S.K.: 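Okay, handing you the structure first.
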Amino acid sequence: MSHVKVNNFKACCDQFERAAEKLGLEKNLATSLMMPDRELAVEVPLNRDDGSLAVFKGYRIQHNNARGPFKGGIRYHQEVDLDEVRALAALMTYKTAVVDIPYGGGKGGITVDPRELSERELEQLSRRFFRRISPIIGVNKDIPAPDVNTNAQIMAWFMDEYSQNQGYSPGIVTGKPIDLGGSLGREAATGRGVFLTIREAASEFDVDLSKATAVIQGFGNVGSFAALFLQELGCKVVAVSDVTGGLHDPSGLDIPALIDHVREHRVIEGCGQGKNVSNEELLTLECDFMVPAALGGVIHKMNADSLNCRFVIEAANGPTTPPGDEILFDKSIPVIPDILTNAGGVTVSYFEWVQNLQQFRWEEEEVNTKLEAKMVKAYSEVSALRREKKVSFRTAAFMVAIDRVARSVELRGF
Ligand code: GLU
């Protein structure tokens with residue numbers, strides 16, 4: 001998938017600074033809110049199946065915990081580096097503040113392409129990584145979760161590592177399997193949150209969802225659930241893509257059939273639907289909602305001008321670079337930012353943690369209703385500030401978040 005590897009943390013700082021300036025935030029406070037509290041880099045050794053030894057780099061960055069324990073996922077990807085994890089950790093601080101859940105922000109990752117690992121290798125790498133970061137992890141300290149290429153099974157291994165020493169501690173990670181204290185509704189939560197964001201935007205901007213079209217770039221957990229919920233409300237999903245390329249059908253793809261195909265074959269390739277398009281072409285397709293739901297940096301200065309949509313809905317973290325953002329702003333295409341759009345995942349992670357602490361399971365309907373209330377409120381607060389201050393959705397979301405984090409820091413004392 002074509003994307004530019006930008007200096008992610010710098011991009012995040014640019015966004016932060018724009019909002020901090022609008023808020024009139026004191027300079028030293030602004031710097032302290034922007035920089036991570038703690039950065040841990042680890043070496044993770046792995047005995048390969050062929051008998052050789054490999055060593056991978058891993059990270060856990062704790063960005064800010066003024067409002068609650070550090071919280072955020074762990075990503076396995078060959079492009080993971082310190083700078084990217086730092087940016088993603090910062091985004092978590094603002095994301096948890098936008099939806100007003102009592103968490104700070106953190107992120108972790110291993111620089112590895114997990115497709116090259118066997119199941120046994122994946123388990124050993126995951127357990128060893130967790131052991132190496134465990135001195136700074138804790139139920140009230142820092143709570144990991146899934147992110148790109150990590151899943152409920154990996155969370156189960158993390159939980160097992162921790163519980164072997166500490167006793168049964170499901171609250172140490174979220175996004176676990178249901179049998180080990182995972183929450184009903186967690187798997188679909190990020191996609192559901194993306195869908196709720198689109199629904200709220202459609203209602204504010206008078207877009208009839210039953211006549212609207214969406215293009216989804218990335219058909220993993222987030223993209224596939226978002227597509228499913230959109231289609232259920234009558235919105236036509238005219239194109240989707242993954243690492244194997246894209247599919248386009250102006251009369252709308254059959255999303256449940258596509259999900260079944262991906263469950264079996266892991267990729268959308270070969271599903272027999274639509275006409276093939278490249279990931280680059282996909283971004284230029286005409287639609288109401290362009291939903292980048294894969295990796296960061298896919299909309300950038302070289303391609304932003306060719307977008308042909310009414311809204312960009314950032315389901316992935318950091319899909320639009322700052323120069324790309326500016327071009328979209330000039331084209332009057334509203335960009336609903338990641339820290340709002342994809343906050344449904346961490347919101348239900350919070351509900352999962354609460355259930356673990358209560359040792360009580362909620363019904364799925366309760367989870368979904370509470371998620372909806374959080375997303376609707378966050379959207380309306382961000383959009384109200386956007387209208388009042390005449391700023392972009394992104395700046396407004398950062399303003400809401402920074403204001404909340406700053407208040408907690410000031411109340412706790414510098
Ligand atoms: N990785 C997800 C995110 O970026 C979820 C994090 C979590 O649930 O803690 O928001």
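Hydrogens, waters and symmetry mates play no part in the numbers below; they use all other heavy atoms, side chains included. One is the number of the first residue; the rest follow in order along the sequence. Note that the structure is a prediction, hence the values are computed from the model and not measured. Order of appearance sets the numbers: ligands from 1, and atoms from 1 within every ligand.
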S.K.: Side-chain polar contacts of residues 90-100 - donor-acceptor pairs under 3.5 angstrom, sequence neighbours left out - could you list them?
M.R.:
from, atom 1, to, atom 2, distance (Å)
T93, OG1, H63, ND1, 2.7
T93, OG1, G105, N, 3.4
Y94, OH, L33, O, 3.4
K95, NZ, N317, OD1, 3.0
K95, NZ, N342, OD1, 2.8
T96, OG1, M92, O, 3.0
T96, OG1, T93, O, 3.1
T96, OG1, Y103, O, 3.1
T96, OG1, G104, O, 3.3
D100, OD1, R67, NH2, 2.5

S.K.: Parallel, tilted or perpendicular, judged at 30° and 60°: which one describes the rings of F229 and F225?
M.R.: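 Parallel, since the angle between the ring planes stays under 30°.
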
S.K.: Between E204 and S383, does any side-chain donor sit less than 3.5 Å from a side-chain acceptor?
M.R.: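 Side chains of E204 and S383: pair found under 3.5 Å.
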
S.K.: Let me know which protein residues bring a heavy atom to under 4.0 Å of ligand 1; chain then number is fine for ordering.
M.R.: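 Contacts of ligand 1 under 4.0 Å: K71, G72, G73, M92, K95, K107, A145, P146, D147, R186, N317, G345, V346, S349.
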
S.K.: In terms of relative ring orientation, are F129 and Y76 parallel, tilted or perpendicular, with 30° and 60° separating the classes?
M.R.: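 Plane angle over 60°, so perpendicular.
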
S.K.: Can you pull the ring-ring contact (aromatic ring centres under 6.0 Å, His included) pairs that have at least one residue in residues 307-328, sequence neighbours excluded?
M.R.: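 Residue pairs with at least one partner in residues 307-328: F205-F311, F289-F311.
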
S.K.: In a table with atom names and distances, give each donor-acceptor pair under 3.5 Å that connects a side chain of residues 256-266 to protein atoms at least two apart or in another chain.
M.R.:
from, atom 1, to, atom 2, distance (Å)
H261, NE2, V267, O, 3.3
H261, NE2, E269, O, 2.9

